[in-house]
Each structure stands twice: as structure tokens, then as C-alpha cells.
Amino acid sequence: MARVPLSVTLLLVAALALQVGYRAVRAQQPPTAAGLGPAPPLAVLRLASLGEPVALARAMTLYVQGQDEAATPLGTIDYSALRTWLERIVDLDPRGQAPLLAASQVYSASADPARTRIMLDFVHQRFGEDPDRRWPWLAHAALVARHRLHDPALARQYAHAIRTRATSAVLPAWARQMELFILDDMGEDESAKTLIGAMLASGQVSDPRELALLERRLHNISARQRRAHP
């Protein structure tokens with residue numbers, strides 16, 4: 001044991017403490033279809049981490065992934081319980097991206113729209129805490145909302161949050177203009193024109209090519225409106 005690094009020893013102790021805490025909580029919870037009950041309270045997990053919350057978060061991520069592999073099909077997982085585990089992992093390791101990636105790209109693939117919405121809402125809620133680093137996962141959530149849930153209003157809500165809350169300098173043009181694409185799909189020409197005007201007036205777009213593209217889109221929308229209402 002003297003040759004075992006201290007970090008490894010702490011991780012093993014944390015894993016044991018997590019298991020004890022998890023069993024204590026599970027004893028008070030009814031069993032679920034896939035065996036994944038609600039995560040232990042954050043205070044218990046912080047105590048169990050012994051000052052190594054990131055290491056514990058990674059151990060929890062592996063545990064949740066193991067439950068995922070044991071659950072066939074994906075729809076047998078209790079998504080309300082799953083969300084509590086993802087929430088705790090983010091709380092313990094705010095810079096970690098794995099929970100948001102898994103929620104937006106893996107668990108959102110459920111055939112049950114209600115389960116998918118749980119995952120998308122999780123991504124949206126946690127996006128607001130660190131928009132500049134978490135916008136890619138909300139962008140994927142917007143695509144899921146638009147093309148899998150067929151809910152353009154929800155997709156626009158997510159796209160709007162990305163455009164208004166993430167720093168313009170970190171966003172590629174396609175992410176900044178995602179809300180425009182969704183408005184086009186919805187046939188909301190007037191709203192699209194208003195948005196383009198606001199983007200041009202705000203100065204948030206500085207790239208000459210993007211400016212030219214926005215001006216061309218504005219021209220095309222106006223021309224389409226004139227043809228529809230001569």
C-alpha cells in the first residue's frame with residue numbers, strides 16, 4: 001500500500017464512500033426499471049469526495065455509463081433519476097463536458113419525447129451557468145428539438161439563448177444565425193427581418209462576409225414578401 005499513489009488511494013476511498021451513500025439512499029427509494037435510482041444529495045457527495053470532487057465526478061460518470069450499457073433498450077432508464085446523476089456530476093465538476101454531451105447527443109435519442117425533453121431541459125438549464133463553454137451542447141439540443149421533436153418554438157428558444165447569452169467572439173457564424181434558420185423554417189419572415197436588423201445594428205457581427213450574408217438574406221426576405229403581396 002505504501003507504493004500506491006495518494007491520489008489513487010483517495011479515489012478508492014471516495015468510490016467506497018459513494019457506494020455506501022448510494023446504497024443508503026437507494027434503500028429508501030423504490031426500484032426502477034433499469035436499476036438507476038436518484039443520485040445521493042450533493043452534500044453527501046461532497047463529503048464522500050474527500051476534497052477530490054472532480055475524481056468523484058468521473059467515477060460517477062463511469063457508473064452512469066455502466067447503467068446505460070445494462071439498460072436495453074435505452075427507454076427503460078428512469079430519466080428523472082438519470083437527470084439527478086447528471087446534475088450532481090456537473091455540480092462536482094463544473095468544467096467537465098461529459099454530462100452535457102451525453103444528455104444532448106446520447107440520451108436525447110430516446111424514442112420517448114418526454115424523456116428527450118428531460119434531457120434537453122437539463123442542457124438548457126445548465127447552459128446558462130457557462131454559456132461560452134456549453135453552447136455547443138445547446139446547439140445540438142436545438143437541432144434535436146427542431147428535427148426530432150418537431151418543436152420549432154423550443155428550437156428557437158434554445159437558439160435565441162445561444163445568440164444572446166454566449167459571447168459573440170466564441171460563436172461561429174452558423175451558431176449565431178441558427179435562430180434565423182429556424183425562423184425561415186417557421187415562415188416567420190417578419191420576425192427574421194427584425195432579428196437581422198437587430199444583429200446588424202448591434203455591432204455583434206463584424207466579419208465582412210457574414211455581414212454581406214445577412215444583408216443578402218434581408219434582401220431576399222423583402223423580395224419574397226413583395227412577390228407574396230404585390
Side-chain angles (χ1 to χ4, degrees), residues 11-12 14-49 52-130 134 136-151 153-155 157-158 161:
L11 179 58
L12 290 175
L16 177 60
L18 171 61
Q19 182 71 4
V20 172
Y22 172 69
R23 291 296 181 184
V25 173
R26 279 294 304 278
Q28 304 172 11
Q29 301 290 340
T32 60
L36 184 68
L42 181 59
V44 172
L45 294 172
R46 291 198 186 282
L47 182 63
S49 73
E52 296 287 344
V54 174
L56 180 56
R58 291 173 181 170
M60 292 173 65
T61 299
L62 292 176
Y63 174 77
V64 172
Q65 289 175 346
Q67 292 294 311
D68 178 15
E69 293 169 0
T72 306
L74 188 63
T76 62
I77 296 176
D78 181 340
Y79 268 48
S80 294
L82 171 62
R83 177 169 180 166
T84 67
W85 283 87
L86 299 178
E87 296 276 11
R88 301 292 188 273
I89 294 169
V90 173
D91 290 336
L92 291 170
D93 182 14
R95 294 186 62 83
Q97 301 296 312
L100 293 114
L101 183 155
S104 63
Q105 299 192 18
V106 178
Y107 298 116
S108 68
S110 170
D112 182 353
R115 287 185 170 92
T116 297
R117 288 180 185 275
I118 290 174
M119 290 295 100
L120 299 191
D121 184 67
F122 161 71
V123 173
H124 181 223
Q125 292 297 321
R126 303 311 294 248
F127 157 82
E129 299 165 4
D130 193 357
R134 297 178 179 173
W137 317 125
L138 190 59
H140 191 83
L143 295 176
V144 172
R146 177 66 188 92
H147 298 290
R148 187 172 300 154
L149 295 180
H150 305 290
D151 189 341
L154 184 62
Q157 178 187 352
Y158 295 163

### Query
Which is it for Tyr107 and Val64 under the side-chain contact (heavy atoms from CB on, under 4.5 Å) test, yes or no, and what are the steps along the way?
CA-CA 12 Å; Tyr107 298 116; Val64 172; 3.6 Å; yes

### Message
side-chain contact (heavy atoms from CB on, under 4.5 Å), that's the test. Do His140 and Val144 meet it? Break it down for me.
### Response
CA-CA 6 Å; His140 191 83; Val144 172; 3.8 Å; yes

### Query
Should Glu52 and Leu92 be marked as a side-chain contact (heavy atoms from CB on, under 4.5 Å) after you check the CA-CA gap, both sets of side-chain angles, and the distance that decides it?
CA-CA 9 Å; Glu52 296 287 344; Leu92 291 170; over 6 Å; no

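Taking OG1 from Thr84 and CG from Asp91, the interatomic distance works out to 10.5 Å, rounded to the nearest 0.5 Å. To the nearest 0.5 Å, atoms CE (Met60) and OG (Ser49) are separated by 10.5 Å. Atom CD of Gln157 is separated from atom CG of Leu138 by 9.0 Å, given to the nearest 0.5 angstrom.
Among all heavy-atom pairs drawn from Leu120 and Ala141, the shortest one is CD2-CB, 3.7 Å. Here the closest non-hydrogen pair linking Leu56 and Leu45 is CD2-O, 3.2 Å. Looking at every heavy atom in both residues, Gly96 comes nearest to Leu100 through O-CD1, 4.2 Å. Smallest separation of non-hydrogen atoms from Ser110 and Tyr79: CB-OH, 3.4 Å. Closest of all the heavy-atom pairs between Leu82 and Leu36 is CA-CD2, 3.8 Å. For the pair Pro38 and Ala81, the tightest heavy-atom approach, listed with the atom from each and the gap, is N-CB, 3.8 Å.
Considering only heavy atoms from C-beta on, Pro99 stays 4.5 Å or farther from Trp85 through its side chain. Contact annotation: the side chain of Ser80 approaches that of Ile118 to within less than 4.5 Å [non-hydrogen atoms, C-beta and beyond]. With a 4.5 Å cut-off on side-chain heavy atoms, Leu154 and Arg117 count as touching.
Between Arg83 and Asp121 there is a salt bridge, since a side-chain N of the basic residue sits under 4.0 Å from a carboxylate O of the acidic one. Checked for salt-bridge contact, Arg95 and Asp130 miss the test: no charged N lies under 4.0 Å from a carboxylate O.
Aromatic ring orientation, Tyr158 versus His124: tilted (interplanar angle from 30° to 60°).
Without hydrogens or angle criteria, Arg126 side chain to Leu86 main chain gives no donor-acceptor distance under 3.5 Å. Using modelled atom types, no side-chain atom of Arg134 and backbone atom of Glu129 make a donor-acceptor pair closer than 3.5 Å. With hydrogens and angles disregarded, no donor-acceptor distance shorter than 3.5 Å links the side chain of Trp137 to the backbone of Ala103. Side-chain atoms of Arg148 come within 3.5 Å of backbone atoms of Ser108 as a donor-acceptor pair (strictly under, hydrogens ignored).
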